[in-house]
Structure formats: structure tokens, C-alpha cells
Colleague: 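Quick one: the structure is below, questions incoming.
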Amino acid sequence: MTRRGIMRGLFASIVTVALRGRGFAAQPATSANVEKLQKNWQSLLAGGVKPPLPSDVLKLTKDEWRKRLNADQFHILREEGTERPGSSPLNDEKRPGIFACAGCDLPLFTSEMKYESGTGWPSFFTTIPGVFGTSTDFKLVLPRTEYHCIRCGGHHGHVFDDGPPPTGKRWCNNGVALKFIPKSGKA
């Protein structure tokens, strides 16, 4: 295959994924609704769960992280890897609950913030406030905004400006970097 053919195929794939995701987005009607979701996220916590605070910083050595995480989690969270699209069972998770960092248990998103982007990764139109730090990533030449858990520094994914209204954001997260805690408390 020629270089031109590869580039055409890549461009066609990107356009297809971007357009496909638009039709499946759960869309809060207003910015006020988004603020309400962000403010009331704790209503989706399972009874008796006391989550860590973003300010409870967790610093471990590389060996301690290797003991705490499985190989895939370590690669994503500690080495800024990316899982294959469509490989996470969390893509299909629809129950009420919280998506927390697999590295440190910090709540990051609620089920009400999730939408089907069509990209193959769990996607969210907003986050629980104050849980991520961002940096600019040039790994694919063009700049992207990468985000990390504010508590443990674990890499989660990238945020893009092609999400549903009113935020217009797509927080594209590696599923292996998350754990889902259903509101019912039964996994």
C-alpha cells in the first residue's frame, strides 16, 4: 500500500468515527445541567463508600505500582499507554454509579456524564471537578490535551473538542484505567 493510500484510509477512519459518535451522545440540555451533575456526583456513590479526596496524594515507587496494578493497568496508568479501541467492558456499562481511577480509587466521572462516542473508548462530556491535571502531548505530532489523575498521576486519556453540547468536550478514557462502582454496591 502506498503512503497516500495509508493516509486516505486513516483520514476516512477518523471522519467515520467522528461522525458515527455524534448520533449517540447523551446530551444535557444546558450548562446549568452540567454544573448540577458536577455538583451532585456523590448521589451516585454506593452506600457506605467513602472515596479518597483529590488532595490525598498517593505516591508510590515503580515497584509498589507494579504490585498494585495488573500489567495492562501499569502500562496505561504509569507508562501512558493506550488500550485497543473496543476492548473495554466499560464501553457498555450503563448502570448508575461512579467511574473511579483504577490506580487510587479517586472518583473521576459519573454514569450520567458518560456517552457513546463511537470511538471504542469510554467517553464522558464532563468530569467531577478538580480530579484531573492536564498537559500537552505531541506523541502523534499534532498537540493533544492529555489528562492525569490529580491524586496518583495516572494517565487516563485525552480530551478533545468534538463532544456533545453544551460542553463540546470528549474525555476519551482508557477503560483499563477505570473501575466502575455501581450505586447498588454490587459489581
Side-chain angles (χ1 to χ4, degrees), residues 17 38 41-42 44-117 119-160 163 169-187:
V17 167
Q38 290 175 324
W41 67 269
Q42 291 177 333
L44 289 169
L45 278 174
V49 171
K50 182 159 176 30
L53 298 172
S55 58
D56 295 337
V57 175
L58 178 63
K59 291 190 179 200
L60 301 175
T61 67
K62 196 175 220 181
D63 286 338
E64 289 170 324
W65 280 117
R66 284 192 191 281
K67 289 176 187 171
R68 185 180 183 107
L69 304 171
N70 68 38
D72 290 335
Q73 290 171 325
F74 184 85
H75 177 63
I76 303 297
L77 289 164
R78 307 317 308 169
E79 299 175 327
E80 298 181 346
T82 301
E83 67 189 1
R84 283 183 358 294
S87 63
S88 174
L90 294 181
N91 289 337
D92 299 321
E93 183 57 67
K94 309 258 189 270
R95 295 174 292 171
I98 298 289
F99 292 88
C101 178
C104 71
D105 301 327
L106 181 68
L108 306 172
F109 307 99
T110 71
S111 53
E112 294 174 339
M113 297 170 178
K114 186 174 183 274
Y115 77 101
E116 177 53 60
S117 67
T119 61
W121 289 281
S123 298
F124 305 86
F125 56 82
T126 192
T127 73
I128 293 171
V131 297
F132 289 118
T134 61
S135 61
T136 303
D137 165 3
F138 291 96
K139 291 176 188 151
L140 295 179
V141 180
L142 296 176
R144 300 181 297 171
T145 302
E146 182 174 23
Y147 60 96
H148 293 80
C149 174
I150 200 78
R151 180 168 186 247
C152 72
H155 165 76
H156 278 266
H158 294 85
V159 62
F160 301 98
K169 299 293 183 191
R170 174 172 52 98
W171 294 80
C172 188
N173 213 102
N174 287 287
V176 76
L178 295 171
K179 70 182 199 177
F180 181 70
I181 305 165
K183 184 177 180 177
S184 68
K186 298 176 185 171

Colleague: Shortest non-hydrogen contact from Cys152 to Arg78?
Modeller: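 Answer, listing the atom of Cys152 first, then Arg78: O-NH1, 3.1 Å.
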Colleague: Checking Glu83 side chain against Val176 main chain: does a donor-acceptor pair fall under 3.5 Å?
Modeller: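 A pair under 3.5 Å: yes.
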Colleague: Name the orientation class of the two ring planes belonging to His158 and His155 (parallel below 30°, tilted from 30 to 60°, perpendicular beyond 60°).
Modeller: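 Aromatic pair His158/His155 classed perpendicular.
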Colleague: Main chain of Gly103, side chain of Arg68: is a donor-acceptor contact present, judged purely on distance under 3.5 Å?
Modeller: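 Between the backbone of Gly103 and the side chain of Arg68 there is a qualifying donor-acceptor contact (under 3.5 Å).
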Colleague: Distance-only, no hydrogens or angles: does the Trp41 side chain make a donor-acceptor pair with backbone N or O of Ile98 under 3.5 Å?
Modeller: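 No.
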Colleague: Check the pair Cys172 / Ser117 against side-chain contact (heavy atoms from CB on, under 4.5 Å), numbers first and verdict last.
Modeller: CA-CA 9 Å; Cys172 188; Ser117 67; 5.8 Å; no
Colleague: Indicate yes or no: at least one non-hydrogen side-chain atom of Arg151 is less than 4.5 angstrom from one of Cys101.
Modeller: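 Arg151 does not reach Cys101 side chain to side chain.
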Colleague: Taking the side chain as everything from C-beta on, heavy atoms only, tell me whether Leu77 gets closer than 4.5 Å to His156.
Modeller: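 Yes; the side chains approach each other to less than 4.5 Å.
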Colleague: Roughly how far apart are Trp65 CH2 and Glu79 CD, rounded to 0.5 Å?
Modeller: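 Going from the CH2 atom of Trp65 to the CD atom of Glu79 covers 13.0 Å.
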Colleague: Minimum heavy-atom separation for Ile150 and Gly133, please, with both atom names.
Modeller: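 The answer is CD1-N, 3.9 Å.
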Colleague: May I ask you to decide if the ring planes of Phe124 and Phe99 are parallel, tilted or perpendicular, using 30° and 60° as cut-offs?
Modeller: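 Correct class here is perpendicular.
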Colleague: Check the pair His148 / Glu80 against side-chain hydrogen bond (donor to acceptor under 3.5 Å, both in side chains), numbers first and verdict last.
Modeller: CA-CA 9 Å; His148 293 80; Glu80 298 181 346; 2.9 Å; yes
Colleague: Taking Asn91 for the side chain and Gly120 for the main chain, is one N or O donor matched with an acceptor at less than 3.5 Å?
Modeller: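 Checked: pair present.
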Colleague: Looking at every heavy atom in both Pro96 and Ser111, which two are closest together, and how far apart are they?
Modeller: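 So the two residues come closest at CA-OG, 3.2 Å.
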Colleague: Name the residue from Phe180, Tyr115, Phe132 that meets the ring pair (Phe, Tyr, Trp, His ring centres under 6.0 Å) definition with Phe109.
Modeller: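 Only one option passes, and that is Phe132.
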Colleague: If you measure from CH2 on Trp121 to OG on Ser87, what distance do you get to the nearest 0.5 Å?
Modeller: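 Answer rounded to 0.5 Å: 8.5 Å.
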Colleague: Are more than 12 heavy atoms, taken from residues, nucleotides or ligands other than Lys94, located less than 6.0 Å from that residue's NZ atom?
Modeller: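 Above 12, so yes.
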Colleague: Decide yes or no on side-chain contact (heavy atoms from CB on, under 4.5 Å) for Met113 and Ile128, but give the supporting numbers first.
Modeller: CA-CA 9 Å; Met113 297 170 178; Ile128 293 171; 4.1 Å; yes
Colleague: Using 0.5 Å steps for rounding, measure from the CD atom of Gln38 to the OG1 atom of Thr110.
Modeller: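 Taking CD in Gln38 and OG1 in Thr110, the distance rounds to 9.5 Å.
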Colleague: Enumerate donor-acceptor pairs with a distance under 3.5 Å from any side-chain N or O in residues 48-63 to protein atoms, sequence neighbours excluded.
Modeller:
unit_1 : atom_1 : unit_2 : atom_2 : d
Asp56  : OD2    : Leu53  : N      : 3.2
Thr61  : OG1    : Glu64  : N      : 3.1
Thr61  : OG1    : Glu64  : OE1    : 3.3

Colleague: Where is the tightest heavy-atom contact between Ala177 and Ile76, given as atom of each residue plus distance?
Modeller: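 So the two residues come closest at CB-CG2, 4.0 Å.
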Colleague: Rounded at 0.5 Å granularity, tell me how far CG in Leu178 sits from CD in Glu93.
Modeller: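 Answer rounded to 0.5 Å: 11.0 Å.
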Colleague: So, for Cys149 and Leu106, which heavy atoms are closest and what is the spacing to 0.1 Å?
Modeller: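 What the structure gives for the nearest pair is SG-CD2, 3.9 Å.
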Colleague: Apply side-chain contact (heavy atoms from CB on, under 4.5 Å) to residues Phe160 and Arg144 and explain how you reach the verdict.
Modeller: CA-CA 8 Å; Phe160 301 98; Arg144 300 181 297 171; 4.2 Å; yes
Colleague: Once rounded to the nearest 0.5 Å, what's the spacing between atom CZ of Arg95 and atom CD1 of Ile181?
Modeller: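 Spacing of CZ (Arg95) from CD1 (Ile181) equals 11.5 Å.
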Colleague: Is there side-chain contact between Lys179 and Asp105, with heavy atoms separated by less than 4.5 Å?
Modeller: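 In contact.
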Colleague: How far does CG of Leu44 sit from CD of Glu112, to the nearest 0.5 angstrom?
Modeller: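 Those atoms lie 4.5 Å apart.
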Colleague: Compare all side-chain heavy atoms of Asn174 with those of Thr82 and state whether any distance is below 4.5 angstrom.
Modeller: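 Yes - at least one pair of side-chain heavy atoms lies under 4.5 Å apart.
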